[in-house]
Structure formats: structure tokens, C-alpha cells
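Inspection log for the structure reproduced underneath, given as C-alpha cells.
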Amino acid sequence: MRDLIRMWSNTRMIVLVAISAAVYAAILLPFKLFPIVPGVTELRPATAIPPLASLLFGPAAAWGMGFGNLIGDFASGLGPVTPFGMLGNFLLGWMPYRLWRAMSSEPLPRFISGEKASASSQGLLVQVAEFLFIIVVASAACALVIGWGGLIFEAFPVKAVVPIIFVNNVLWGGFVTPLVARAVAPRVRAWGLTADQILGVSQRSQSPTRLIGLFLAPASALGGVLVLYLLAGSPGEAAGVDLRWLAGVPSVLVLVGTALL
Amino acid sequence: MRQRTRPGVLPGSAESLGVPRAEIARRVAECLGLVGLAGFERREPATLSGGEKQRLAIASVLAMRPSLILLDEPTTDLDPVGKGEVHAILRRLAADGLAVAVIEHETEELLDLDRILHLDAGAVRRDGPPRRLLLEVAELAAAGVEPPVAARASRWLGLAEVVREERFADEVAARGVQVERTGVRPRLATRGEAPVIEVDHLVHRYPLRDQPAVDDVSLAIRPGEFVALLGANGSGKTTLAKHLNGLLPPTSGAVRVAGHDAKKAGTAQLARHVGYVFQDPDHQIFSATVWEEMAFGPRNLGVGEDQLESRILAALEVVGLTEERDRDPFVLTKGQRQRLAVASVLATAPEILVLDEPTTGLDYNDRERMLALLADLHRRGHTVLVITHAMEVVASHCERALVMAGGKLVFDGGIPELFANDEVLARARLRAPTAWRLGRMLGLETLTPEELGAALRGGGGGNGA
Amino acid sequence: MKLFLYLDRESVVHRLHPVTKLVALPVLFGVAMRLERLETLALLALVVVVVAALGRALDAVAGMASLLLTLLIATTLMWWLFAPQGGLLRDGFQPAALARSAGLGLRLALMVASGIVFLATTRVEDFAHGLRTLGLPYRVAFALTLAFRLVPTFVASGRAVAEAQRARGLDLDHGGLVTRMRRYTPLVVPMFLTSIRRADRLAAALETRGFGSGEKRTDLVEHRFGGRDALAAVLLVGLVAASLWGGELASQPAVQAALGSARAWLEALYAKAASRP
Ligand SMILES: Nc1ncnc2c1ncn2[C@@H]1O[C@H](COP(=O)(O)OP(=O)(O)O)[C@@H](O)[C@H]1O
Ligand SMILES: [Mg+2]
């Protein structure tokens with residue numbers, strides 16, 4: 001948490017915010033020509049960037065992805081959901097970094113860093129599973145928050161859009177991000193540009209509450225998205241359940257849980 | 001009224017230093033004026049040409065009112081006239097009392113500076129006035145610095161310092177050197193074979209642009225030719241070249257390559273015939289090893305694993321990177337990465353090679369290697385089309401020049417014809433190389449320093465270097 | 001290529017203080033959220049069109065017409081078909097439900113249109129300046145502005161990467177979903193690396209130009225709140241009041257009577273016009 005503020009006193013971290021935001025936006029933009037029409041999932045390669053930037057640049061990626069998404073909206077039109085898009089992408093750029101640090105003592109999964117296993121490290125399969133878990137949780141958090149905004153402003157059919165966002169994030173993050181990260185991570189480290197190198201962060205989260213966060217953030221992200229998907233546009237909604245609360249409460253819990261990590 | 005000055009790249013600097021606002025606006029206008037960009041206050045930096053961007057960068061540093069300004073290879077990407085313009089601005093600033101320091105490995109523009117420091121292995125090796133220091137031709141070459149041609153010529157004449165160009169003919173006469181006249185060079189003859197590249201009334205218009213980037217261009221290139229595509233920054237060279245492998249579709253007109261209609265065949269199909277080497281090798285390198293990088297193209301084209309190995313080895317051999325096959329491409333030098341880019345294209349075994357400014361940003365040794373490589377590929381039978389601003393390269397290697405200006409093809413012919421055509425040179429912001437300019441003062445048509453030297457020595461003068 | 005919506009023109013809306021516009025946009029969203037009936041939303045749409053015209057941004061809005069129409073039609077259909085109450089699938093055809101759905105569609109399109117007007121009339125620097133006036137720290141505003149400035153360069157390098165790989169035979173259009181997705185690796189890797197590689201030089205360039213030198217900064221962009229901002233504020237307050245109490249006001253007997261006579265007058269006028277040959 002403190003790093004999110006602390007990083008602003010470091011010029012290189014500030015530059016990384018700007019660069020990662022611009023890269024994200026630059027890959028988003030060419031695909032913005034087609035607005036998301038419900039039911040059409042076009043390929044959005046930009047979605048591979050947030051978890052990648054997150055693992056490498058930590059807090060700079062969080063701000064960078066939020067800003068990058070804002071810049072993307074500058075090209076296609078600001079709407080009431082824009083702040084929620086920013087928050088969702090902020091989480092997509094922040095949670096993988098925090099979650100990984102709460103679970104592992106290595107700065108990056110070994111199938112990304114290419115390093116040899118040390119005595120204290122988890123097995124490779126465990127790392128793969130943990131990585132996928134992180135991607136799924138962060139994707140759910142992002143979809144949940146954006147879905148919440150959509151509900152508040154009745155901006156899009158939540159039942160269709162939330163799964164699109166979630167599946168897109170999981171596929172790109174799960175299948176493409178590791179490939180890209182494998183090629184990119186050793187070089188970024190050789191240039192001394194990872195958040196750990198710049199800020200001198202201790203690798204494993206030392207937070208006393210991290211176990212609570214490790215439970216709360218994934219549970220509320222996954223639970224929230226599931227409830228949202230099941231209840232949106234169903235008889236439950238008709239029966240007078242206010243979905244805005246059903247999405248808002250877990251969204252806030254995700255934020256709290258992430259802060260505890 | 002609020003200020004209507006564009007706070008693009010420029011004010012960033014002075015803003016940070018807490019300079020009052022009205023003062024900033026004045027400085028911005030003044031500095032833009034100094035670099036010849038008056039009236040550009042509201043332009044988006046992204047819409048400027050290469051030379052304009054470079055001048056803007058200089059202005060943005062000037063806005064801080066420094067007493068020293070330091071420039072690191074400020075003219076690398078620029079066309080010959082653009083280079084001259086930047087240096088003219090620097091000279092004016094120096095005359096106004098500003099200390100100017102330029103880091104350069106191209107020596108041609110440095111003759112009129114006040115002083116040169118020659119660094120070698122981290123230490124100052126020589127320090128002195130350019131016209132003296134650059135005369136040490138052999139020593140420079142040994143240190144990997146290309147001596148200016150005027151310096152070599154001055155050596156041949158036995159002068160005490162590098163001759164001023166306008167004084168060259170006088171010096172030759174004063175020394176009584178007899179010039180051996182070789183007569184007029186043979187003109188380029190057209191050949192009979194069927195062309196491999198045919199461009200027919202090609203027009204390309206980018207979206208939202210009024211002027212077409214390529215405007216009614218027609219040309220034909222025959223197998224085995226070595227052709228230079230020349231022109232100022234923004235004249236449409238790259239746009240034209242990108243039609244040759246279908247990266248851009250013609251707005252109108254047609255392009256035929258190796259028997260295919262480029263538009264219909266598509267880039268993936270044409271990749272078998274046309275190898276395209278882009279200006280910046282870092283735009284294509286993504287693999288963990290040189291070997292994997294080399295394998296990318298052939299695999300895309302469906303080359304089997306059995307053939308892959310021999311192809312890659314052959315290509316690495318040609319560019320001299322066999323030793324590096326298992327290394328990370330990102331730890332290679334710029335010159336090696338550029339040659340890797342060429343090799344990764346060679347591995348797809350194309351008969352035509354298109355290279356976009358392959359020597360830009362390379363130092364003397366790497367540039368010579370790249371040129372030797374191109375000459376070698378040409379000897380092996382490849383048709384080579386090279387885009388470049390380096391006129392010495394054109395003079396020493398190419399047979400034919402295509403010159404673009406404002407999207408139009410304004411010249412298509414032999415190299416001596418081009419250098420003799422002042423009108424085309426001026427229109428395309430080109431300059432004939434020094435060897436030609438000096439030779440011409442003596443009534444010669446010398447393309448390379450060697451030819452100039454031979455003419456001077458052949459006439460009984462000089463002692464060679 | 002034009003990436004962003006900003007139009008470099010002179011207009012009243014361009015000259016408004018960015019804070020005025022930054023406040024007006026969410027307020028307008030709020031007002032739109034209060035309104036449900038198609039007629040009142042149509043009135044609000046009129047307001048947005050007038051502001052767009054004042055800002056000489058009608059063509060920017062028209063340029064995004066396909067997006068706006070898609071939003072309008074898709075949202076309307078979606079609500080009309082699936083609404084929990086009165087939806088076509090559940091309760092059959094009900095004109096009132098259709099009108100309500102159209103209202104929701106119009107509301108969304110309207111919000112996005114006002115966002116477009118905002119973007120067409122506000123430069124990135126002014127946007128950042130507005131955020132700073134509202135309390136955003138300088139360094140954050142700077143990072144945002146810098147990101148905007150880098151985007152065109154990165155888009156260009158993205159295009160160069162795509163061309164370089166296509167020239168080596170990369171094909172993105174064939175194969176199964178995951179295979180095609182994985183083929184983006186040769187595009188994303190060089191683009192990411194060439195961009196990140198600038199970080200060190202950029203940071204150095206900022207520091208040589210005095211970034212973080214500790215001296216108090218001057219802002220080149222200067223804005224003063226002026227008469228037009230006051231006027232905009234009054235109009236905005238009026239708009240909010242109308243959305244809060246307009247409905248009530250309209251149901252007052254006196255207003256009803258006035259509206260009734262206005263309608264009668266209009267109808268008479270219409271009848272007279274119609275009776276003329
Ligand atoms: N993608 C593009 N979109 C719009 N204009 C372009 C694009 N690429 C190049 N241009 C413009 O087309 C003209 C020719 O550019 P280019 O072919 O790159 O010139 P050269 O290679 O000779 O420097 C220039 O005015 C340039 O600004
Ligand atoms: Mg070019």
C-alpha cells in the first residue's frame with residue numbers, strides 16, 4: 001500500500017507510470033475503432049499488458065494501467081463508467097504484484113524469470129497454479145468493478161459484458177502474458193527497471209494481515225463476479241434485490257483485501 | 001486572455017525551474033526563432049519532420065538559457081541538407097557566445113568547429129583545431145574514425161591543414177599538380193531482361209493527408225541490380241518501398257513483384273521473394289536467442305525443420321554472426337543487431353532485398369561491414385534496393401539511383417548523371433559526396449576518394465596516404 | 001493519424017476554465033441519471049447539442065455517430081427485450097416499456113456525447129491543469145500528461161513492429177483462438193521493450209531539465225475564472241434545480257394551467273397554419 005504513494009518521489013517510477021500507461025493505451029487504441037458491441041469478443045492483445053507490467057513494475061503499473069485505460073477512453077469518449085474502468089484496470093495492474101508477493105519469496109515465477117529453483121522455493125507446478133490463480137482473481141476483480149459501474153449507470157448489459165471482460169483477461173493473462181514475460185523480464189531486470197530494483201522493496205510481503213488479505217481479496221472478487229453474473233437480469237433482480245449493492249460491497253471488500261496483502 | 005502557447009516539449013524545462021510565465025513565453029518564441037521554427041508554437045511535436053524535431057529538441061534546451069549545450073549525435077537520421085542546417089544553427093549559437101559541444105562520429109561536418117577532442121578508450125587522445133587534427137588520416141582510421149575526404153585529399157597534396165573546399169582548385173594549381181583526366185564516365189545502359197519489380201503509376205495517400213506521399217511513380221528494376229533510393233526526409237521513400245512487399249496497398253496504380261500483383265499476393269506471400277530490412281532492428285527482435293530469432297521468418301513460411309538449420313547457418317555465415325548463435329540478441333551491439341536483422345530476412349531466401357536506412361546510427365566500422373555485406377549479397381545475385389542518406393555509399397556501391405522529392409520520382413539514372421545534375425540535387429536536398437565535389441573543381445568525375453587520389457597521384461602529385 | 005478527439009479551435013467552451021468543465025461533466029452525468037422520461041431526456045439532449053455547437057464540436061460528435069447510434073440502439077433493444085418489468089420477452093409488447101427503454105438508450109448516448117464535447121474542447125494540458133487545481137499532485141498530473149504525449153510515438157512504433165513481423169511472414173488471421181492469441185507475442189515483446197528501454201533516458205532527460213529540482217514550478221498554462229465560468233455555473237445550477245424540482249414544479253396547478261394554455265395556443269396556431277391552403 002505505502003509503495004503506491006512512496007513511488008511518486010522517484011523520477012524513474014514516475015517515468016514508468018507514464019511509459020506503461022502509454023504502451024497500454026497504444027495497444028488498446030487500434031482496437032478501439034470497434035466499440036464493444038455486446039456479444040462480440042474481438043481480440044484485444046492489450047489485455048496481456050496489465051499483469052505483465054504489474055509483476056515487473058508493481059505500484060507504477062497500477063497507476064499506469066489506470067491512466068492507460070483513461071487515455072483509451074479519451075479516444076472513444078469519456079462516459080460515466082470511465083472512473084470504474086480506471087479503478088478496474090488499476091486493480092489489474094496492482095493485484096498480481098501484491099498477490100504474488102504474499103504467496104512467494106521469489107520476485108517472479110521461475111517459468112518467467114528463467115532462474116533456477118532455490119532451496120526455499122515452491123515447485124514449478126505450484127508456481128504455475130499460483131500464477132493462474134492470481135490472473136483469475138485479478139481478472140475477476142477488474143470485471144466486478146467495471147460491472148458495478150455498469151449497473152450504477154445502466155450503461156451496458158452486465159450479464160453479457162462482465163463475462164466478456166473476465167474471459168478476455170483470463171485468456172490473455174493466462175496464455176499470452178507468460179510468453180511475453182519470459183522474453184521481457186530478464187531484459188527489464190538487466191536494465192535495472194523493476195520496481196524491486198528501483199524501490200529496493202523486500203521481496204516477500206511482511207504484512208501481518210496478509211493472510212486475511214489473501215483470503216478476503218480472492219473470495220470477494222470471485223464471489224462478487226459470480227453473484228453478479230448469476231443474478232443480473234434474472235428473477236432475483238426482479239424480486240427487488242438491489243444489484244448495485246451486491247456488486248458494490250464485494251468491490252469495496254476487494255480493495256480492503258488488497259490493501260491488507 | 002490565457003496564453004496560447006503550446007506547452008509541448010519546449011516549456012517543460014523552464015517551467016520546472018520556476019521561471020516566471022511571461023518570461024517563459026518570451027523565451028519560447030525567441031528560441032524557436034533561433035532554430036528556424038518561428039511560428040511553430042502550436043504544432044504537435046509528433047507532426048514535425050525529423051529535422052524539425054531535432055531543431056525543436058535544441059530549442060527546448062536553449063529555453064533554459066544554459067551557458068553550455070551538449071549534443072549527442074544530433075544529425076544521425078537527417079538528410080544531407082538537414083545535417084548542414086543543424087550545424088549552421090550550432091555555429092550561429094557559438095558565434096553568439098554559447099559554448100557548444102557535439103558528440104559525433106561523422107567527421108565531414110566538423111571542419112568548421114573551433115576545436116575537436118578525439119576520445120579513445122575513455123581518454124582524450126588528441127585535442128586541437130579540426131583542420132589540423134583531422135589531417136591525421138592514418139591515425140584516425142586506426143582508431144575507427146572515418147577521416148573526412150577533404151583531409152585525405154589535403155594529404156595527397158601535402159598540405160599543412162585540411163583545405164577549405166572553395167580553395168581546393170587553387171591549392172592544386174599552386175602546387176603544380178598535374179591532374180590525370182580520365183574523361184567522362186560511361187553512362188548507365190538499360191538492360192534487356194524482364195524486370196523483377198515493376199511500379200506503374202503508383203499513388204499512395206495516407207488517411208487525413210492532403211498531399212499524396214507517393215505521387216504517380218513508375219519504375220522498373222531488373223534482376224541483379226543494385227539501386228539506391230534517395231530523397232529528403234519525408235519525400236516518400238519508405239512509403240514507396242513498403243509497397244514492394246505489400247505492407248501498404250496502392251491508393252491507385254499497380255505494383256508487380258516477381259510475377260505477383262503485390263496487392264493481391266499479400267505480405268506473407270511476398271515475404272518469399274522480398275526481404276525487407278527495417279530501419280530499427282529493435283522493432284523486430286523478440287526471441288531469447290539469435291538462433292530463435294533467425295528461425296522466425298522461415299517457420300512462418302513453412303520451411304521444414306530439416307532445411308531450417310542449413311538456411312540459418314548460411315545466413316549467419318554471410319553476416320558474420322555464426323559465433324553468436326546462442327546469445328541473447330539484446331546484448332549484441334547495434335551493428336550486430338542490424339546485421340542480425342538482415343540475416344533473419346536472408347534466412348527466408350528472398351531474391352530481392354529492400355533495406356531502409358541500414359547504416360543509420362552505425363559507427364564507421366559497423367557501417368563499412370554493413371556495406372561490404374550489401375556488396376557481397378549483390379555479388380551473390382540478389383537484387384538490392386537500399387534507402388540511404390549516405391551519399392558516399394551510393395557513390396561507391398550503387399549502379400543506379402532513384403530520387404524522390406515531394407512524393408514524385410524526380411530522377412532515375414546512373415550515379416554520375418545524378419551528381420552532375422544540380423537541379424535534382426537541390427530539389428531533393430541532396431549533396432554530391434566530397435570526392436565528387438572536389439573532383440569536379442578539377443574537371444573530373446570522381447565518385448570515390450580512391451578515384452580522386454588516383455587522379456591526383458596519377459598526375460604526379462602528392463605522396464599518398 | 002488522428003488519435004484523440006481534441007479540435008484546436010477558438011470557442012467559448014474551449015475558453016472555459018478546465019475546472020468548470022471538469023465539474024460540469026459529472027454534474028451532467030448526475031442530472032442525466034435523475035431523468036427517466038424520454039421527453040425530458042430529449043430536452044437534455046438539446047442542451048448537449050447547444051453546448052456542442054457553442055464549442056464548435058458538432059462535427060466531433062457527428063464523427064462518433066456510429067458509436068453513439070450503436071449505444072442508443074443496443075441499449076434500447078437490450079432493455080426493451082430483457083427488462084425485468086415490461087420487457088418484451090416477459091410481458092409482451094408495451095409501448096410504455098419501449099419508451100422507457102429508448103429513454104435509457106438516449107441517456108447513455110447523451111452522457112457519452114457530452115464526454116466527446118469535453119474532449120473536443122479541452123487540451124490534455126488543460127485537463128491536467130484542471131485536475132491540479134482540484135488538488136491532484138503535480139507529479140501525478142505530470143505523469144498523466146507525459147503518458148498522453150508518448151502515445152502517438154508508441155502507436156507509430158507498434159505499427160513499425162507489426163510491419164517488420166508481417167514482412168517476415170507473420171500471419172495473425174488463421175488458426176484457432178489461442179494459437180492466434182499467442183502469435184501476438186512477436187508484436188507485444190518488441191513494442192514493450194523498445195518503449196521501456198526509454199525509461200532511463202527519459203528520467204535523465206527530465207532531471208537535466210530541472211524535474212524535481214525543488215524550486216517552485218511555474219505553470220505555462222494559465223487560466224482565470226471569468227464571467228463565462230460564472231455564467232456556466234449559474235446555468236449548471238439551474239439545470240440541477242430543474243432536474244430535482246422540475247417535475248414537481250410542472251405538476252403545480254398554476255404551471256399546469258400555464259402549460260395548458262400554451263398548448264392550446266400552439267394547437268390554435270397549428271390549426272390556423274393547417275387551414276391555410
Ligand atoms: N502512417 C502515416 N500516416 C500519415 N502520414 C504518413 C505516414 N507515414 C508517412 N507519412 C507521411 O508521408 C510522407 C512520406 O513519408 P516517408 O515515406 O516516411 O518518407 P521518407 O521515408 O522519404 O522519409 C511524409 O510527409 C510523412 O509525414
Ligand atoms: Mg523513411
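Computed over heavy atoms, backbone and side chain alike; hydrogens, waters and symmetry mates excluded. Throughout, protein chains are lettered first and strands after them, A, B, ... in sequence-line order, and every chain is numbered starting at 1.
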Discussion item. If I measure from the heavy atoms of chain C, does F57(A) come under 4.5 Å with its side chain, its backbone, both, or neither?
Written reply: side chain
Item to complete: Could you tell me which portion of F118(C) (side chain, backbone, both or neither) has an atom closer than 4.5 angstrom to a non-hydrogen atom of chain A?
Response: side chain
Practice prompt. Under the side chain to side chain donor-acceptor pair (under 3.5 Å) rule, collect the residues that match up with T122(C), sequence neighbours excluded.
Written response: K21(C)
Worksheet item: How would you list, by chain and number, every residue that makes a side-chain contact (heavy atoms from CB on, under 4.5 Å) with L132(A), sequence neighbours excluded?
Response: V128(A)
Discussion item. Taking the side chain as everything from C-beta on, heavy atoms only, tell me whether F148(C) gets closer than 4.5 Å to I71(A).
Written reply: yes
Worksheet entry | chain C contact via R187(A) - which portion, at a heavy-atom distance below 4.5 Å | side chain
Fill in: Largest heavy-atom contact set with chain C, pairs under 4.5 Å, which of L16(A), V81(A), L193(A)
L193(A)
Fill in: Most chain C-contacting option - heavy-atom pairs closer than 4.5 Å, from I19(A), T177(A), V176(A), I49(A)
I19(A)
Worksheet entry | Straight-line distance of W8(A) CH2 to F142(C) CZ, nearest 0.5 Å | 10.5 Å
Item to complete: Calculate, to the nearest 0.5 Å, the distance between atoms OG1 and CG belonging to T11(A) and L202(C) respectively.
Response: 10.5 Å
Worksheet item: Tell me, do L70(A) and L144(C) make a side-chain contact under 4.5 Å, heavy atoms counted?
Response: yes
Discussion item. Please classify the contact between M64(C) and chain A as side chain, backbone, both or neither, with a heavy-atom cut-off of under 4.5 Å.
Written reply: side chain
Worksheet item: What distance separates T179(C) OG1 from F175(A) CZ, expressed to the nearest 0.5 Å?
Response: 10.5 Å
Worksheet item: Heavy-atom distance under 4.5 Å to chain A: side chain of V151(C), backbone, both or neither?
Response: both
Discussion item. Please classify the contact of L108(C) with chain A as side chain, backbone, both or neither, using a heavy-atom distance under 4.5 Å.
Written reply: side chain
Item to complete: Would you please go through residues 186-201 of chain C and name the residues with a non-hydrogen atom below 4.5 Å from one of chain A, in numerical order?
Response: V188(C), V189(C), M191(C), F192(C), L193(C), S195(C), I196(C), R197(C), R198(C), A199(C), D200(C)
Worksheet entry | Side-chain heavy atoms of L177(C) within contact of L171(A), under 4.5 Å | yes
Item to complete: Taking the side chain as every heavy atom from C-beta outward, state whether F154(C) and I27(A) have any atom pair closer than 4.5 Å.
Response: no
Worksheet item: Between T82(A), L52(A), L56(A), V188(A), which residue shows the highest count of heavy-atom pairs closer than 4.5 Å to chain C?
Response: L52(A)
Worksheet item: Who passes side-chain contact (heavy atoms from CB on, under 4.5 Å) against L38(C), sequence neighbours left out?
Response: A102(C), L106(C)
Worksheet item: Which residue out of A60(C), A204(C), S157(C), A203(C) racks up the most heavy-atom pairs below 4.5 Å with chain A?
Response: A203(C)
Fill in: Residue pair W63(A) / V140(C), side-chain heavy-atom distance below 4.5 Å
no
Discussion item. Could you measure the distance from the CD1 atom of I152(A) to the CZ atom of F29(C)? Nearest 0.5 Å is fine.
Written reply: 13.5 Å
Worksheet, complete the sentence: Heaviest contributor of heavy-atom pairs below 4.5 Å to chain A, chosen from L68(C), T185(C), I116(C), V112(C), is T185(C)
Worksheet item: Is chain A contacted by the side chain of L28(C), its backbone, both, or neither, given a heavy-atom distance below 4.5 Å?
Response: neither
Response to the item:
Taken to the nearest 0.5 Å, the spacing of R139(C) CZ from N10(A) CG works out to 8.5 Å
